[in-house]
2 protein chains.
Amino acid sequence: MPRRTDTRDRTLRTAAELFRTHGYHGTGLNQVVAEGGLPKGSLYFHFPGGKEQLAAEAVGLAGAEVCAWVDRAFTETPDAVGALAAITGFLADELAASGFRRGCPIGTLAQDAGDAEPVRAACAEAFRAWHGVVRGHLARHGLPDPDALATTFLAAVEGAQLLSRNQRDTAPLRAVATALAPLLRKDS
Amino acid sequence: MPRRTDTRDRTLRTAAELFRTHGYHGTGLNQVVAEGGLPKGSLYFHFPGGKEQLAAEAVGLAGAEVCAWVDRAFTETPDAVGALAAITGFLADELAASGFRRGCPIGTLAQDAGDAEPVRAACAEAFRAWHGVVRGHLARHGLPDPDALATTFLAAVEGAQLLSRNQRDTAPLRAVATALAPLLRKDS
DNA sequence: CTCTTACTAGACCGGTCTGTATAATAACCG
DNA sequence: CGGTTATTATACAGACCGGTCTAGTAAGAG
């Protein structure tokens, strides 16, 4: 039986947008419905698991998009330093454009939806996939200990987003891009 | 007029503990009162600014403690590499001991209390102070570009806490300690 | 003892939260 | 046409939210 409306998808995207801005507990389902002009009656039809399922699926969606986008950043630049610069640069632009309101769709939920196990698991899975992509590219460039390096890459980018958003200043993202560069050169 | 009870201080500590565990919106004031065995009637006597003031002051308190502790880590170790290892090691132990429940008292609130301006400002101030301490020590060790390096230090530690907590594994904190070390040696 | 001030008890407000009813509508299938 | 399934409308339950209010207790000052 094929789906006949796009309500489910629109719900997911509206929710993802609100979650990354206001966090898990800071976002109400009524808010999601209102913001997206969505039919309230169908919320628990499409997501019988309630808010937790909604958030978990939103994280899954965002995670896949981030992975694809990071992968593209690495393939479209000659080396890892360029990829890092592209990634932090894009994040900085996006952050500033939103008035420093929208955070990372995964990191934000990872912080305050830790008690909702399905959401936590979805975030962990997204981070794992993201880490795998970065590690693969670092290894391809012949960098030493790509596993720990990829983890540090992720942590620094995630932390820099946090700092930049909180301080309403893209400086942390830019600082990470420059300070981390030496680790991403072959001769380090 | 001197204070006659320690209620205010106990409220602050209970709130800080709950906030770093469940986040800003995930923590209710009734919960704070119940958890700490605190007099509900006096909540708005001590904190007329309500939840926002409570959270902002809790962040201030935690921020000062973190600063002092980081400063000690740097003075008690011969070089920056040792300090980073001590810091991440302690954080990993503390995190694991709490069953991966308690996050950074500043970072957690910075994520999901961004709309509560006083709380956001308190977090920004705490990060600023923390950054100042680290930058000072890195400069003292003669490291180049201590400002950006300190920012990266902070971002990586904060991000690693996020990852470790979410994945219920101290590996990210340990990975950051090893991968970031080359940047903290004089001959880098 | 009296008075002032610091503090607490605990009920209560309107509002919002997630989640659940029941029933209506709308499309496809035979 | 009838029947099945997909989807939505709407009202509401029950709990909890942050915050306010009034009344009162108790400790120090004079």
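Heavy-atom basis, side chains included; hydrogens, waters and symmetry copies ignored. Numbered from 1 within each chain, the chains take letters A, B, ... in sequence-line order.
Judged by closest nucleotide on DNA chain C, A:Gln31 is the one of A:Pro48 and A:Gln31 placed further toward the 5' end.
Here A:Glu57 pairs with A:Arg8 in a salt bridge; the nearest charged N to carboxylate O distance falls below 4.0 Å. Looking at B:Glu65 and B:Arg72, no side-chain N of the basic residue comes within less than 4.0 Å of a carboxylate O on the acidic one, giving no salt bridge.
In this structure, A:Arg8 places its CZ atom 12 Å from P of D:dT8, rounding to the nearest Å. B:Leu43 has its CG atom 14 Å from the P atom of C:dC7, to the nearest Å. Rounded to whole Å, atom P of C:dT18 lies 8 Å from atom CZ of A:Phe19. For the pair B:Leu29 CG and C:dC13 P, the computed distance is 19 Å after rounding to whole Å. Rounded to an integer number of Å, the gap from B:His25 NE2 to C:dT16 P is 14 Å. Whole-Å rounding puts the A:Lys51 NZ to C:dT20 P distance at 15 Å. The separation between A:Phe47 atom CZ and C:dT18 atom C1' is 15 Å, rounded to whole Å. For the pair A:Phe45 CZ and C:dT18 C1', the computed distance is 20 Å after rounding to whole Å.
At a cut-off of 3.5 angstrom, the base of D:dG18 holds no donor-acceptor pair with the side chain of B:Lys40.
The closest side-chain donor-acceptor pair between B:His46 and B:Thr11, if any, does not fall under 3.5 angstrom.
The aromatic rings of A:His137 and A:Phe74 lie parallel to each other, with less than 30° between the two planes, well short of the 60° mark.
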message: Pair B:Arg128, A:Gln167 - check side-chain hydrogen bond (donor to acceptor under 3.5 Å, both in side chains), show working.
response: CA-CA 9 Å; B:Arg128 212 191 50 75; A:Gln167 306 192 346; over 6 Å; no

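Side-chain atoms of A:Pro39 lie closest to D:dT8 of the nucleotides D:dG18, D:dT8, C:dT18. Residue B:Tyr44 has its side chain nearest to D:dT20 when only C:dC7, C:dG19, D:dT20 are considered.
Taking side-chain N and O atoms only, A:His46 has a distance below 4.0 Å to OP1 or OP2 of D:dT8. At the phosphate of D:dT8, OP1 or OP2 sits under 4.0 Å from a side-chain N or O atom of A:Thr7.
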